Amino acid sequence: MRFWPSDAPGPERVSYRDFPGSTVPRSPFGFLMMFVRHRFAANVAGLALSAMAAMGLMGLEPVALRHLVEVLEGLDPQRGPDGAWPATLAPWLAALGGLWMASALFNRIYEWVDAHTSPRLRSAVQAYLFSYLMEHAPQYFHDNFAGRLGQKIKQAPESAMTLMSIAVHDMTRIWVILGIALGLLASSHLGFALLLLGWTALFLYTSVLFSRRCVILSRKLSDDMSAVSGRLVDSITNADLVRSFVGLVRERTLLAETLSSERNSSQSLRTFLILMRFMQYNATLLFQIILVGMAVNEAVAGRMRPGDFVMVFSLSNLVATNVWNLSNRLLDWFEHLGTLTEAIELIIRPHAIVDPPGARTLEVGEGAVEIEDLCFVHADGTPVFESLRLAIAGGEKVALVGPSGAGKSTLIRLLLRHYEPQGGSIRIDGQDIAGVTLDSLNHAIAEVPQVPGLFHRPIGENITYARPGASEEDLWSAASRADCHDFIMRRPAGYDTVVGERGVRLSGGERQRVAIARAFLKDAPILILDEATSSLDSETEHMIQQSLWRLMEGRTVIAVAHRLSTITGMDRVFYMEAGRIVEEGSHAALLRRNGPYARLWNRQVGGFLP
Ligand code: ATP
């Protein structure tokens with residue numbers, strides 16, 4: 001049985017921490033340049049050089065043509081039909097053929113380098129974004145659809161690849177051909193060169209003006225496309241809810257609204273691009289007409305030879321074709337620029353909860369927890385704790401009870417540092433959790449929540465997630481102590497049984513037992529039980545309670561419970577109301593006090609005190 005992936009190196013293992021610099025670039029070009037500088041400098045240089053070489057060689061074609069025409073022009077018109085090809089033609093024919101072949105060769109070299117660059121770039125960008133995303137605080141994942149985040153991580157690398165290809169291939173070619181054309185035209189006639197220069201400046205200026213509007217339209221389209229995926233994923237994940245409330249028509253209506261917004265944005269962008277390309281086409285055509293007109297004028301006036309005319313004509317063709325090709329790729333450019341910008345803005349936000357500078361490793365001995373003057377208000381302004389104080393001795397087992405909204409789960413989240421308090425401190429064995437590394441804090445605490453998270457992977461892998469590399473004996477021992485070994489072995493695939501998304505192929509009780517086995521394997525000194533058995537029937541709850549008592553042995557335990565029958569054996573009970581501890585003591589002591597805890601207990605046991 002092997003549940004752990006091999007340590008294969010490659011772009012797939014890239015983490016955002018592997019890149020130097022304290023801040024992550026938040027502009028698409030900064031982001032791309034970071035990869036180019038630190039990972040793909042040689043590849044991109046190879047791509048750019050081969051694209052430049054291929055274009056440069058093509059740019060010399062008009063020169064060879066000019067010489068060929070000059071040779072043809074000088075031939076004797078009285079030559080007979082048997083006339084062999086004059087030797088003077090050979091060098092220019094050879095040059096022309098050589099240019100074509102060499103240009104084609106550099107194009108193939110470009111493709112070869114690209115085949116070894118783009119897939120690596122795609123993997124590296126995905127791995128980078130994933131590593132950054134996963135370090136966001138839990139609140140971030142509550143605020144953003146998982147489907148949307150996954151989609152962004154898939155889309156961003158495609159966009160990065162397209163942008164890089166347009167920048168390195170199409171744009172490089174344009175600069176090369178403009179440079180060559182400018183040089184050749186200047187050598188032939190200064191007026192032609194000035195025309196090309198003026199036209200290029202005007203063309204670039206208007207293209208930049210157009211592109212601003214394009215960026216706005218493409219961002220809107222990208223937003224709308226994300227809204228559609230968010231809506232789709234929300235409906236699909238709640239397919240059972242939709243069916244049971246006969247809500248398909250409502251879901252379709254909601255989807256139709258977002259789809260229509262996406263359609264409108266797409267139409268606006270495409271219409272604008274058609275207009276833009278129409279203008280660009282006309283501008284290019286005008287340039288060609290003026291240039292050829294000027295050349296004809298020069299030829300008629302006897303200031304230009306046919307060879308030069310052919311060169312000017314084919315140069316104008318080359319410039320026009322390449323400009324036109326680039327404008328055809330502008331739709332891709334702006335769509336992908338919008339997509340990459342949106343992905344970066346969504347994922348590369350500052351992490352809300354990070355290790356403080358100089359964070360130490362949390363050293364846990366007994367596992368005592370002290371909470372002092374804790375103040376906490378949720379991000380939306382909901383106040384929960386004003387000045388909470390609480391002390392739990394090492395190895396003590398306490399329960400947090402109280403009405404809904406009292407702040408029990410929030411307190412647990414604060415202990416796990418899912419949220420940062422606005423004031424006060426939480427200390428474990430005297431060390432403020434705000435000053436220790438998040439990893440060491442997470443190592444010290446095991447949690448069995450009401451709905452345990454499970455990966456769509458084998459059960460064995462789900463359990464050993466708590467301790468990578470655990471032996472088979474450790475796995476079986478943890479599973480046996482959590483009462484799940486038998487039900488796992490009854491499955492045909494045993495520990496290799498794949499549990500389905502979020503563990504849907506297991507019953508609620510089985511899922512809970514897998515979570516307990518995982519906590520056994522983690523063997524953390526502090527254990528949190530957050531309504532661990534509240535979704536189970538009484539009989540299953542009773543059985544799981546036995547496993548839980550075994551798990552609690554020798555650990556500090558904080559249990560949140562609504563069903564008070566599950567916590568009567570705890571050392572102390574804290575009764576909370578509106579963020580305050582109203583009562584504390586053992587179950588028996590609180591019953592004797594006859595306060596709010598006793599009233600809650602009475603209601604749960606049907607009005608009879610034991
Ligand atoms: P229950 O027993 O129903 O789970 P609880 O005692 O665990 O309740 P909490 O979940 O801690 O209560 O909630 C305390 C208060 O904080 C409630 O008023 C709740 O509405 C609010 N709250 C909880 N989570 C958030 C959040 N992410 N953003 C804003 N307010 C929140």
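Throughout, numbering of the chain's residues begins at 1 and tracks the sequence. This is a predicted model, so every value here is computed, not measured. Read the numbers this way: they start at 1 and go in the same order the structure lists the ligands and their atoms.
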Trace of the side-chain contact (heavy atoms from CB on, under 4.5 Å) decision for Tyr140 with Leu133: CA-CA 9 Å; Tyr140 174 89; Leu133 175 85; 3.5 Å; yes

Results of side-chain hydrogen bond (donor to acceptor under 3.5 Å, both in side chains) for Gln545 - residues two or more places apart only: none

Stepwise side-chain contact (heavy atoms from CB on, under 4.5 Å) check, His587 with Trp601: CA-CA 10 Å; His587 168 71; Trp601 172 261; 3.6 Å; yes

Set of residues that line ligand 1, where lining means a heavy atom lies under 4.0 Å from it: Gln139, His378, Asp380, Thr382, Val384, Pro403, Ser404, Gly405, Ala406, Gly407, Lys408, Ser409, Thr410, Tyr419, His562

Ring pair (Phe, Tyr, Trp, His ring centres under 6.0 Å) partners for Tyr132, two or more places apart: Tyr16, His136, His351

Pairs touching residues 387-399 that satisfy side chain to side chain donor-acceptor pair (under 3.5 Å), sequence neighbours left out: Asp373-Ser387, Asp373-Arg389, Glu396-Arg572

Side-chain donor/acceptor of Arg417 to backbone N/O of Val354, under 3.5 Å: yes

